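Okay, structure first, notes after.
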2 protein chains.
Amino acid sequence: MRYLIRFSYDGTLFHGLEKQKGYRTIQEEMENVLTYINNSCYVKLVCSGRTDKGVHALLQTAHADINVEITEDKLKRAMNSLLPNDIHVISTKVVKNDFHARYMVKEKTYIYKLNMGEFNPLERNYVYQFNRNLDVKAMQDAIKYFIGVHDFKAFTPSKDKRNSYVREIYDAKISKSKDILIFTFRGNGFIKYQVRNMVGLLIQIGLGKKDKSSLKEILEGKNRNAGYRTAHPEGLYLIKVKY
Amino acid sequence: MRYLIRFSYDGTLFHGLEKQKGYRTIQEEMENVLTYINNSCYVKLVCSGRTDKGVHALLQTAHADINVEITEDKLKRAMNSLLPNDIHVISTKVVKNDFHARYMVKEKTYIYKLNMGEFNPLERNYVYQFNRNLDVKAMQDAIKYFIGVHDFKAFTPSKDKRNSYVREIYDAKISKSKDILIFTFRGNGFIKYQVRNMVGLLIQIGLGKKDKSSLKEILEGKNRNAGYRTAHPEGLYLIKVKY
């Protein structure tokens with residue numbers, strides 16, 4: 001039986017989602033638990049996509065094939081009783097055998113949290129502590145350029161080689177609540193570092209170090225050395241995956 | 001020179017505020033930094049009051065005497081550059097030599113955060129993960145009985161011996177935002193475990209295991225074995241101290 005698993009995690013103490021020898025990863029913790037439930041027959045976890053070291057998920061999805069008979073609810077409860085407390089299974093659902101958690105993704109939503117105010121030790125791992133003021137209006141204007149179908153090569157790491165960097169962003173916006181900015185990006189898919197690089201450039205615009213129009217130029221120029229920094233991982237959350 | 005220091009901390013990795021041999025405490029981290037700045041002459045930190053293991057502060061206050069000449073702003077910056085990232089100095093202010101951070105407190109405000117919804121791994125150390133529904137209306141009615149001048153002996157630990165358990169609570173309320181409850185208690189002072197015990201009884205009322213009127217009976221009866229549990233520390237925050 002193939003199961004769709006919806007889960008959340010605190011990325012702080014993980015070396016990212018994907019399994020890596022010698023590091024604590026979300027995939028390995030999940031597979032260990034699934035394999036145990038599956039009478040010690042190895043269960044592979046296929047996620048909707050990776051998240052990097054320190055990045056969080058309020059809702060991540062994956063599929064896994066389990067041979068033992070177990071109800072959806074019992075699987076959820078068994079997993080949660082065995083998982084460490086920085087991962088939590090929200091729901092499990094039996095799906096068709098040709099369901100694929102990565103290839104069938106239609107839409108993903110990420111948010112990025114940034115604090116312009118006083119350093120908050122309680123949120124140091126959950127909100128990027130920028131602790132300086134930004135021109136929010138300029139950033140709100142600029143972020144609109146990301147909406148639509150674009151080649152996002154300029155916002156991917158130079159090591160990344162692939163056939164196409166074209167993705168569609170359905171919505172991109174910034175909301176402000178006191179000193180906290182929340183960036184929301186909804187699209188058909190995102191390349192490694194893409195969201196954090198988009199936020200990185202928006203920060204430069206908010207600081208007045210780059211012009212609003214530079215965003216369009218960099219996007220169209222596909223230039224990867226465009227003079228901004230990848231925003232810290234701890235502000236980034238995967239919050240929704242749609243099939 | 002005597003300084004009033006306003007600071008915040010994440011209580012998760014501390015064994016409480018008060019110095020204890022062999023444990024990591026907020027007082028010791030702060031005193032180490034202040035002593036270093038004070039040319040290695042020991043500086044004692046006198047706080048507005050203790051917080052327990054796992055309890056947080058968005059705003060705690062303390063006073064300390066420093067002999068070296070240093071401006072308010074430099075002291076703040078020096079402390080923050082030396083402190084671990086789970087403590088943060090918000091401000092420092094020169095005060096009169098007879099100012100006392102504990103004896104002169106006029107009012108304190110605590111909040112308590114509780115999640116009735118799905119377990120959230122990202123907030124496991126910051127919001128009590130109760131993960132069950134509560135009758136919020138019953139709790140909102142009951143909490144009002146705490147307002148006023150009362151003998152709070154029933155809400156203090158049996159080991160605690162003191163002359164008077166009389167305190168005044170100026171305001172006590174519960175607000176709800178989606179699945180999160182926020183209890184607010186504002187008063188002239190709180191005894192060890194008092195807030196967590198009041199929340200513990202309110203939870204019993206919210207579960208329907210105790211009647212609304214039981215709160216008044218327990219309060220007036222001063223009975224310390226009233227059949228509820230002290231609520232978990234991670235939901236509790238000191239948020240304001242007034243002089």
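In this text the structure is predicted, and so the values were computed from the model without any measurement. The basis for the numbers below is simple: all heavy atoms, side chains too, and nothing from hydrogens, waters or symmetry mates. In the text below, chain A, chain B and the rest are named by the order of the sequence lines, each starting its count at 1.
- With a 4.5 Å cut-off on non-hydrogen atoms, A/I87 touches chain B through its backbone but not through its side chain.
- Taking all atoms of both residues into account, the shortest heavy-atom contact from A/I169 to A/A172 is CG2-CB, 4.1 Å.
- Within the 4.5 Å cutoff, no side-chain heavy atoms of B/L181 are placed close to those of B/F130.
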Are there donor-acceptor pairs under 3.5 Å across chain A and chain B? List atom names and distances.
unit_1 : atom_1 : unit_2 : atom_2 : d
A/D10  : OD2    : B/R124 : NH1    : 2.7
A/K76  : NZ     : B/E118 : OE1    : 3.3
A/K76  : NZ     : B/E118 : OE2    : 2.8
A/N85  : OD1    : B/R124 : NE     : 3.2
A/H88  : NE2    : B/E118 : OE2    : 2.6
A/E118 : OE1    : B/K76  : NZ     : 3.4
A/E118 : OE2    : B/K76  : NZ     : 2.8
A/E118 : OE2    : B/H88  : NE2    : 2.6
A/R124 : NE     : B/N85  : OD1    : 3.2
A/R124 : NH1    : B/D10  : OD2    : 2.7

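- Between B/I5 and B/V89, some side-chain heavy-atom pair lies under the 4.5 Å cut-off.
- Contacts of A/L83 with chain B are absent, with no heavy-atom separation under 4.5 Å from either backbone or side chain.
- Summarising the geometry of B/I239 relative to B/L59, their closest heavy-atom pair is O-CB, 3.4 Å, with the distance given to 0.1 Å.
- Note that CG of A/L114 and CD1 of A/I182 are 10.5 Å apart. Values are rounded to the nearest 0.5 Å.
- Of all heavy-atom pairs between A/G49 and A/L17, the closest is O-CD2, 4.0 Å.
- Between B/V199 and B/A231, the closest heavy-atom pair is CG1-CB, 3.8 Å.
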